[in-house]
Amino acid sequence: MFALLDCNNFYVSCERAFQPQYLQKPVCVLSNNDGCVISRSNEAKALGIPMGAVAFEYDTMFKQNQVKLFSANFVLYGDLSRRVMNKVREYCSDVEVYSIDEAFMNFSSQEQYLSIREHCLKLRNIIYKGIGIPTSIGIAPTKTLAKVANRIAKKYPERTQDVYCIETQLQIEKALKWLPIEDVWGIGRRLAERFQKRGVRTAWDFTQLNEATVRKEMGVVGVRMFYELKGIPQLGLELPKTKQSIGVSRTFSQSITALSMIEERVVTFAMVASEKLRAQKSCGNLITVFIRTNTKKTDEKQYVNQFTVSLALPSSSAIEIAKAAKYALSKIFMDGYSYKKAGIIVDGIVPETARQMNLFIEDQHIKHRPIMQVIDNLNKRYKCDKIKLASQDLETRWIMKRQYLSKEFTTNLKDLLVVKV
DNA sequence: TCTGGGGTCCTAGGACCC
DNA sequence: TCTGGGGTCCTAGGACCC
């Protein structure tokens, strides 16, 4: 049996864990630049605030309903996620951390010895008591059905005590008939639309199609889903892998027109991307830079483009990657546009120890490695970007709009809460 | 004034190999 | 009239996830 643990309204729950006065109140967490809503409490959902709601459009609505807003505090969320996952590992030896707020567990080696549901109830309660994060757990014979069970637990918290188990064929059938096709894990907007047009309205309808039809519509991914929903496992737990692509991008709070300004941003993104590469001991050789105007402003001139530079040798040198990024940018930058977003993506990632060498090309990665080590050590020690490339902005004028930021309650000594007796 | 960020997998088609 | 057969690798784009 598989189980899926999912933290309820995770970012909101992280904020509430330290500011419990907002329990039972409408709360939203906003994206970078306080742009849009990325997490909502149940009370906020009940007010009709949709996921991705554009914050400024809801100004009055937030005020009228006393919705408490928070700016995204990913340092806090990352740390609480780590604590939750550690607790999960205490209760199951076979765990896949699927996202910041979700983990799959595989109980196949333990199931004859314990009641999985009882076990998961204990886990759920200890996480709530010890970390302050409410979670829901779904249990089923396949990962896809565990997702379904989890949804049922979330929808009916009282009846399920936040933990629901799908076991028998009858339970599978009931659950699938209950689940709209668009809520199946792996069915997005496009596929849902296509299936609905053909009268496939629930997950059950989908499982009643024949395999060939499913293969034609969705390829092998669909066939896997087909059997997973019928209770025949196609997916196992996945081992943590090093990333195969690393991206860093930002939307600017104000549009940029000058090449020099965008160049500074792109170099900074290159710096961050190279740090991530080095952190997982990888190198990459394909450096893509993209830029775009504000595609939401239909009355303005639009321009979207990207360019990829292929390095002779895979590298994690910030200097080399930044240089490639600057070149890529120069190939696509056009005067006369207002740019709203830019980013860099590094692909062609290989382990540092498995780089293909070349006899006749100077190896910048090796040449720069000692400098990169010093940079990484200093930035780690001082927990910020003390060392920058000269083409980066040395004045840190790029301050994100984070009007409602909470403290780093668990990762910064000066933010520790003081408990009065 | 104001609209997030970071990933994965699969497939089709082109370029190339013998 | 008619033009082989069997592969690999790479890339762009589409779909999805959180």
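Numbers restart at 1 for each chain; the letters A, B, ... are given by sequence-line order, proteins then strands.
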*Report the residue (A:K401 or A:N33) whose heavy-atom-nearest nucleotide on DNA chain B is the more 5′ of the two.*
A:K401
*5'-most by nearest nucleotide on DNA chain B - A:Q244 or A:K341*: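 By nearest-heavy-atom nucleotide position, the 5'-most residue is A:K341.
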For residues 273-281 of chain A, dump all side-chain donor-acceptor pairs below 3.5 Å to protein atoms at least two apart in sequence or in another chain.
from, atom 1, to, atom 2, distance (Å)
A:S274, OG, A:M271, O, 2.8
A:S274, OG, A:R278, NH1, 3.0
A:R278, NE, A:D376, OD1, 3.4
A:R278, NE, A:D376, OD2, 2.7
A:R278, NH1, A:S316, O, 3.0
A:R278, NH2, A:D376, OD1, 2.8
A:Q280, OE1, A:K243, N, 2.8
A:Q280, NE2, A:K243, O, 3.3
A:Q280, NE2, A:S282, OG, 3.0

*Mind telling me whether A:Y156 and A:W178 have parallel, tilted or perpendicular rings, with 30° and 60° as the class edges?*
tilted
_Using a heavy-atom cut-off of 4.0 Å across all strands, would you classify A:I246 as base, sugar-phosphate, or nothing?_
sugar-phosphate
*For A:E102, answer base if it contacts any base atom (sugar-phosphate contacts may also be present), sugar-phosphate if it contacts only those atoms, and nothing otherwise; contact means non-hydrogen atoms under 4.0 Å.*
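A:E102: backbone/sugar contact only, no base atoms under 4.0 Å.
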*side-chain contact (heavy atoms from CB on, under 4.5 Å) evaluation trace for A:F226 with A:E211*: CA-CA 8 Å; A:F226 183 72; A:E211 189 188 321; 4.2 Å; yes
*Integer angstrom distance from the C1' of B:dC17 to that of C:dG4*: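 Each nucleotide's C1' atom is 15 Å from the other's.
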_Qualifying residues under ring-ring contact (aromatic ring centres under 6.0 Å, His included), relative to A:Y227, sequence neighbours excluded_ =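 Applying ring-ring contact (aromatic ring centres under 6.0 Å, His included) to A:Y227 gives none.
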*Looking at the rings of A:Y11 and A:Y77, which for Trp means the six-membered one, are their centres under 6.0 Å apart?*
yes
*Taking the six-membered ring for Trp, are A:W185 and A:Y98 ring centroids under 6.0 Å apart?*
yes
*Please give, in whole Å, the distance from B:dC2 C1' to A:D34 CG?*
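My rounded result for the distance is 10 Å.
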*Give the rounded distance in Å between these two atoms: CD1 of A:I100 and C1' of B:dT8.*
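Nearest whole value for this atom pair: 17 Å.
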_I need the residues from residues 210-237 of chain A with at least one non-hydrogen atom less than 4.0 Å from DNA chain C; give them sorted by number, or say none._
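None - not one residue of the stretch has a heavy atom sitting under 4.0 Å from the strand.
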*Output the residues of residues 63-93 of chain A in contact with DNA chain C, where contact means a heavy atom of the residue under 4.0 Å from an atom of the strand; sort by number or write none.*
none
*Kindly give the heavy-atom pair with the smallest separation between A:P26 and A:S41, and that separation in Å.*
CA-OG, 3.5 Å
Under a 4.0 Å threshold between the charged nitrogen and the carboxylate oxygen, would [Y] count as salt-bridged to [X]?
X	Y	result
A:K323	A:E320	no
A:E43	A:K25	no
A:R124	A:D162	yes

*asked:* I need the residues from residues 175-201 of chain A with at least one non-hydrogen atom less than 4.0 Å from DNA chain B; give them sorted by number, or say none.
replied: none
Would you indicate, yes or no, if [N] has its OP1 or OP2 atom less than 4.0 angstrom from a side-chain nitrogen or oxygen of [X]?
X	N	answer
A:T251	B:dG5	yes
A:K147	C:dC18	yes
A:K241	B:dC9	yes

*asked:* Would A:R201 and A:F195 count as a side-chain contact (heavy atoms from CB on, under 4.5 Å) here? Give the steps.
replied: CA-CA 7 Å; A:R201 295 206 170 71; A:F195 280 121; over 6 Å; no
*DNA chain B base-pair string [pairs: Watson-Crick or G-U under 3.5 Å; |: paired with another strand]*: ....||||||||||||||
